[in-house]
Amino acid sequence: MNLTPQIISAGCGASPSRAALFTPFIQAACDHYSIAEPLDVAAFLAQIGHESERLVFTKELWGPTIAQRAYEPPSEKAKELGNTQPGDGRFFCGRGLIQITGRANYAIAAVALDLDLLSHPELLEQPGHAAMSAAWFWWNKKLTPLALAGDFIELTKRINGGTNGLADRQARYAAAKVALGIA
């Protein structure tokens, strides 16, 4: 599928300039991971648009909040994320258009993307790597079948762990479908 800045802008809710910046990277990522069917692309754009706040953020905003403090060992959340060292929570905070979070997830993504993410997690903040990591996540979590089945709620749960921001994600999904001519 040939993506344009207009499609990216509509589907992600992004400004025209952010959409233009990210279009070649999102196109390459979708091509590489076979995110090609219109419903799949619409769902992908909606989810990355929500997760990155309209393609504005490729790094989790850090407070730290109460939830983010739990990323630090010895908490259960830290164990789940593979965070073993003091400071891992902040160092391996969410990055990319679908935020890769935690030492263990960075290690897996590092191998898949052939990047030294354990030493340089900030690489996922760059537009090309941010887009590719999101498409890899989509492929790795087998989200295409859910997108093609129209199971947007389960798809959201697999990305977010719940339905946080569901209304926003659904609004972006509807806009993406219109932009792709499948509404």
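- A cation-pi arrangement, defined by a distance under 6.0 Å to the six-membered ring centre and an angle within 45 degrees of its axis, is present between Lys177 and Tyr173.
- In this structure, Ile153 places its CD1 atom where only 12 or fewer heavy-atom neighbours from other residues, nucleotides or ligands lie under 6.0 Å away.
- Between the Ser9 side chain and the Pro5 main chain, no donor and acceptor come within less than 3.5 Å of each other.
- The shortest distance between side-chain heavy atoms of Lys59 and Cys93 falls below 4.5 Å.
- By the 4.5 Å heavy-atom criterion applied to side chains, Thr58 and Arg95 are not counted as neighbours.
- Taking 4.5 Å as the limit, some side-chain heavy atom of Trp138 sits within range of a side-chain heavy atom of Thr144.
- In the hydrophobic cluster analysis, where Ile, Leu, Val, Met, Phe, Trp and Tyr join through side-chain heavy atoms closer than 4.5 angstrom, Val111 is grouped apart from Leu118.
- Using a 4.5 Å cut-off on side-chain heavy atoms (C-beta onward), Cys12 and Arg54 make no contact.
- A donor-acceptor pair under 3.5 Å is formed between the side chain of Gln68 and the backbone N or O of Thr65.
- With hydrogens and angles left out, the side-chain atoms of Tyr71 and Glu80 include no donor and acceptor closer than 3.5 Å.
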query: So Lys77 and Glu72, salt bridge (charged side-chain N to carboxylate O under 4.0 Å, His left out) or not? Walk me through it.
result: CA-CA 8 Å; Lys77 185 64 172 178; Glu72 286 297 322; over 6 Å; no
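- Using a 4.5 Å heavy-atom cutoff, the side chains of Leu180 and Val41 are in contact.
- One hydrophobic cluster, built from ILVMFWY side chains closer than 4.5 Å, holds both Phe91 and Ile108.
- By the salt bridge (Lys or Arg N to Asp or Glu O under 4.0 Å) test, Asp168 is found to be paired with Arg172, residues two or more places apart in sequence or in another chain being considered.
- Counting non-hydrogen atoms of other residues, nucleotides and ligands closer than 6.0 Å to CG of Asp116 gives a total above 12.
- The shortest side-chain heavy-atom distance between Leu97 and Gln47 does not fall under the 4.5 Å cut-off.
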Would you be so kind as to tabulate the donor-acceptor pairs closer than 3.5 Å made by side chains of residues 157-167, with sequence neighbours excluded?
{"residue": "Arg158", "atom": "NE", "partner": "Glu154", "partner atom": "OE2", "Å": "3.3"}
{"residue": "Asn160", "atom": "OD1", "partner": "Asn164", "partner atom": "N", "Å": "3.3"}

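- In this structure a side-chain-to-backbone donor-acceptor pair under 3.5 Å is missing from Glu60 to Thr101.
- Taking 4.5 Å as the limit, every side-chain heavy atom of Ser133 sits out of range of all side-chain heavy atoms of Ile98.
- When hydrophobic clusters are built by joining Ile, Leu, Val, Met, Phe, Trp and Tyr residues whose side-chain heavy atoms come closer than 4.5 Å, directly or via intermediates, Leu55 is not grouped with Phe57.
- Looking at heavy atoms from C-beta onward, Glu37 lies out of side-chain contact with Leu39 at the 4.5 angstrom threshold.
- From Thr23, atom OG1 reaches atom CD1 of Ile8 across 4.5 Å, with rounding to the nearest 0.5 Å.
- Follow the hydrophobic side-chain contacts under 4.5 Å out from Trp136 and you reach Met132 in the same cluster.
- From Phe137, atom CZ reaches atom CD1 of Ile48 across 12.5 Å, with rounding to the nearest 0.5 Å.
- Not one N or O on the side chain of Asp40 forms a donor-acceptor pair closer than 3.5 Å with the backbone of Leu148.
- Hydrophobic clustering (side-chain heavy atoms under 4.5 Å, transitive across Ile, Leu, Val, Met, Phe, Trp, Tyr) groups Leu45 together with Trp139.
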